[in-house]
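This report refers to the structure that appears directly beneath it.
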Amino acid sequence: MPISAPPSPGHTPVRADSPVRPAPVAAPPPAPRLRPADREVLWLYLLTRVAVWTTAYCTRWLFPASGDARVPAPVLAPFEHWDWGHFLNIARDGYFPEGPGEGDNREAFFPGLPLVLRAVHVLVPHWTVAGLLVSLVAGAVATVALARIAELHLPGSRAGRRAALFLLVSPCAVFLAAGYSEALFLALALPAWLAARRQRWLLASVLAAGATTVRISGLFLAAALVVLFLTTPTTRTTLPTRRGEGASRKRDAAWLVLPGLPALLYFWYLYGRTGDPMAWKHAQERGWYRHFRAPWEAWSQTWHEAFDHTQATGYAAQFQADLLAMVLGLLLLGVLLVRRRWPEAVYLALTLWALGTSYWYMSVARSTLLWWPLWVGLAVWSVRRRWVAIAYLCLVAPLSTVLAITFMSGRWAG
């Protein structure tokens, strides 16, 4: 008979007929909230914020409102222009301080940013500082989310950092630093898209609902999420599991109605105050000539304003930028359709339709900040073709600087 080795101290012998239990496997450590790649993106974000503030400082001294000024404008003055006044008035005084039908058409702006601004103002007494702080934090969240989305398209590459860089130095990037709604919208929309790509539909729907409180574009995002849900394949499993998976998929589909609720609530509020649930749209028509026009008529009118010397040069240049942005958007839409990226194509198509069917183009160039497929596509392309990044930076860096100075000096529209 073979002789068995004596058991070691503290060891309990196992009988031959005893069931063998696998040793417990230690759970993997939780992934850090910020990965090294995320930290690199945030450093890039902070450096570009320093560049924006440097531009603001120089603008105060070199481009004063009066050519013979002896004292520069206040420190925060470069960021207190145009739409910021509307968001400030809503946060401070509400939509109808003088009663329905009176005022500055501020109901054209959705309540998400004013609500956040008012909440931050509880801790930060200065309104402009509160607005800049909201954009600063929201922009950081949006930049990291964009980088992670790009990494899904080309894992193990520098696509994420490239996408963040391309967004942060884009021609209209100054609006991500100002107290505007773009940064907050992206801080909700991009994580929503990232969650949907990971099939976390409840989280995606809640974040998209938040995006809808900020801009009407949240409804376009909601439509894209529905298409993404319908085109996402399900895993084939055994019959009992498939039944459970079917019930779970129905619950996920039900969550996708959430993004529409904030818009309905805002329409209901407007109806209660004005009797017109579409008062936001009519305010845009009164204040910014966003009457419906056929797409070819809108293009023709914008071309006329841009090149027929009917406008001041500042306005004409803005119309030219919007025409160029529309062409870029249509080219991007064509690429998305050819590559059968249906969800992104739906989002972009709805955006272009909304922007391209008014009396003339307005804020199309600014809207490019919200076209995340553009920044992801450019990033992936630049990884595969090195010259793309160099060409992009050489083309947009001067434009970004000029447009930042134009905005900060109060000359954005004429």
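Scope of the values below: all heavy atoms of this structure, side chains included, with no hydrogens, waters or symmetry mates. Throughout, residue positions are numbered sequentially from 1 according to the sequence presented.
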Next on the checklist: As a quick check of understanding, evaluate side chain to side chain contact (heavy atoms under 4.5 Å, CB included) for Phe220 and Leu348, giving each step before the final call.
Outcome noted: CA-CA 8 Å; Phe220 308 155; Leu348 186 60; over 6 Å; no
Next on the checklist: Could you work out, with salt bridge (charged side-chain N to carboxylate O under 4.0 Å, His left out) as the rule, every residue matching Glu285, not counting sequence neighbours?
Outcome noted: Lys281
Checklist entry - For the atom pair CG (Leu270) and CG (Leu265), what is the distance rounded to the nearest 0.5 Å? => result 11.0 Å
Checklist outcome for this item: Heavy atoms of Leu117 and Phe87 approach each other most closely as CD2-O, 4.1 Å
Item to check | For the student: nearest non-hydrogen atoms of Gly179 and Ser135, plus distance | outcome: CA-OG, 3.8 Å
Next on the checklist: Run the side-chain contact (heavy atoms from CB on, under 4.5 Å) test against Thr357 and tell me which residues pass, sequence neighbours left out.
Outcome noted: Phe292, Pro295, Trp353
Item to check | Under 3.5 Å donor-acceptor, Asp276 side chain and Tyr271 backbone | outcome: no
Checklist outcome for this item: Nearest heavy-atom contact between Arg161 and Val41 is CG-CG2, 3.7 Å
Checklist entry - Between CE of Met326 and CG of Leu331, what distance do you get to the nearest 0.5 Å? => result 12.0 Å
Next on the checklist: Can you give me the closest heavy-atom contact between Arg106 and Gly94, atom names plus distance?
Outcome noted: NH1-O, 2.9 Å
Item to check | Polar side-chain atom of Arg118 near backbone of Ala91 as donor-acceptor pair, under 3.5 Å | outcome: yes
Checklist entry - Taking it one step at a time, do Leu176 and Leu186 satisfy side chain to side chain contact (heavy atoms under 4.5 Å, CB included)? => result CA-CA 9 Å; Leu176 295 176; Leu186 288 176; 4.0 Å; yes
Next on the checklist: Quick one about Gln301 and Glu297 (side-chain donor to acceptor, distance below 3.5 Å, no hydrogens or angles considered), yes or no?
Outcome noted: no
Checklist entry - Would Trp84 and Phe79 satisfy ring-ring contact (aromatic ring centres under 6.0 Å, His included), going step by step from the backbone distance to the final call? => result CA-CA 8 Å; Trp84 163 248; Phe79 301 97; 9.9 Å; no
Checklist entry - Any chance CZ of Arg286 has more than 12 other-residue heavy atoms, nucleotides or ligands included, within less than 6.0 Å? => result yes
Checklist entry - Looking only at atom types and distance, does a side-chain atom of Gln320 sit under 3.5 Å from a main-chain N or O of Ala306, one as donor and one as acceptor? => result yes
Checklist outcome for this item: With sequence neighbours left out, the residues meeting ring pair (Phe, Tyr, Trp, His ring centres under 6.0 Å) with Phe63 are none
Checklist entry - Would you say the side-chain atoms of Tyr361 pair up with the backbone N or O of Ala325, donor to acceptor, closer than 3.5 Å? => result no
Item to check | Tyr180 and its ring-ring contact (aromatic ring centres under 6.0 Å, His included) partner, picked from Phe185, Phe109, Phe407 | outcome: Phe407
Next on the checklist: Taking the basic N atoms (NZ, or NE/NH1/NH2) and the acidic carboxylate oxygens, is any pair closer than 4.0 Å for Arg35 and Glu151?
Outcome noted: yes
Checklist entry - Does Arg39 reach the main-chain N or O of Leu34 with its side chain, forming a donor-acceptor pair under 3.5 Å? => result yes
Next on the checklist: Just verifying a value: how many Å separate Trp360 CH2 and Thr302 OG1, rounded to the nearest 0.5 Å?
Outcome noted: 8.5 Å
Checklist entry - If every non-hydrogen atom of Leu146 is compared with every non-hydrogen atom of Leu190, which pair is closest and at what distance? => result CB-CD1, 3.8 Å
Checklist outcome for this item: Applying ring pair (Phe, Tyr, Trp, His ring centres under 6.0 Å) to His282 and not counting sequence neighbours gives none
Checklist entry - Looking at Val227 and Thr231, what are the two nearest heavy atoms and their distance? => result O-OG1, 2.8 Å
Item to check | Partner residues of Leu378 under the side-chain contact (heavy atoms from CB on, under 4.5 Å) criterion, sequence neighbours left out | outcome: Phe166, Leu374, Trp375, Trp381, Tyr392
Item to check | Any side-chain donor near an acceptor of the partner, Thr406 and Arg411, under 3.5 Å | outcome: no
Checklist outcome for this item: Rounding to 0.5 Å, atoms OG1 (Thr313) and CD (Gln318) come to a distance of 12.0 Å
Donor-acceptor list for residues 195-214 side chains, cut-off 3.5 Å, not counting sequence neighbours:
unit_1, atom_1, unit_2, atom_2, d
Ser205, OG, Trp201, O, 2.8
Ser205, OG, Trp255, O, 3.1
Thr212, OG1, Ala208, O, 3.0
Thr212, OG1, Pro259, O, 3.0
Thr213, OG1, Gly210, O, 2.5

Checklist entry - Which value, rounded to the nearest 0.5 Å, describes the distance between Thr143 atom OG1 and Leu44 atom CG? => result 8.0 Å
Item to check | From CA spacing to verdict: side chain to side chain contact (heavy atoms under 4.5 Å, CB included), Leu46, Leu42 | outcome: CA-CA 6 Å; Leu46 290 177; Leu42 287 176; 5.6 Å; no
Next on the checklist: How about OH on Tyr289, more than 12 heavy atoms from neighbouring residues, nucleotides or ligands closer than 6.0 Å, or not?
Outcome noted: no
Checklist entry - What do the steps show when you test Tyr269 against Trp280 for ring-ring contact (aromatic ring centres under 6.0 Å, His included), and what is the final call? => result CA-CA 11 Å; Tyr269 165 78; Trp280 67 274; over 10 Å; no
Checklist entry - Between Trp193 and Tyr347, does the ring centroid distance fall short of 6.0 Å? => result no
Next on the checklist: Measuring only between side-chain heavy atoms, which start at C-beta, is Leu228 closer than 4.5 Å to Trp342?
Outcome noted: no
Next on the checklist: Could you walk me through whether Arg60 and Met408 satisfy the side chain to side chain contact (heavy atoms under 4.5 Å, CB included) test, starting with their C-alpha distance in whole Å, then the side-chain angles of each, then the deciding distance to 0.1 Å, before giving a yes or no?
Outcome noted: CA-CA 8 Å; Arg60 292 172 50 233; Met408 293 176 177; over 6 Å; no
Checklist entry - Between the main-chain N or O of Ser363 and the side-chain N or O of Ser367, is there a donor-acceptor pair closer than 3.5 Å? => result no
Checklist entry - Is it true that Arg273 and Glu107 have a side-chain N and a carboxylate O under 4.0 angstrom from each other? => result no
Next on the checklist: For the backbone of Ala397 and the side chain of Ser400, can you confirm whether one donor and one acceptor N or O come within less than 3.5 Å of each other?
Outcome noted: no
Item to check | Residue from Thr401, Leu403, Val402 passing side chain to side chain contact (heavy atoms under 4.5 Å, CB included) with Ile405 | outcome: Thr401
Checklist outcome for this item: When rounded to the nearest 0.5 Å, the distance separating CH2 of Trp303 from CG of Asp308 is 9.5 Å
Checklist entry - Does NZ or CZ of Arg366 come closer than 6.0 Å to the centre of the six-membered ring of Phe175, within 45° of the ring's axis? => result yes
Checklist entry - Do the rings of Trp288 and His86 sit parallel, tilted or perpendicular, given the 30° and 60° boundaries? => result perpendicular
Next on the checklist: If only side-chain N and O atoms count, and only distance matters, is there a donor-acceptor pair under 3.5 Å linking Ser300 with Trp296?
Outcome noted: no
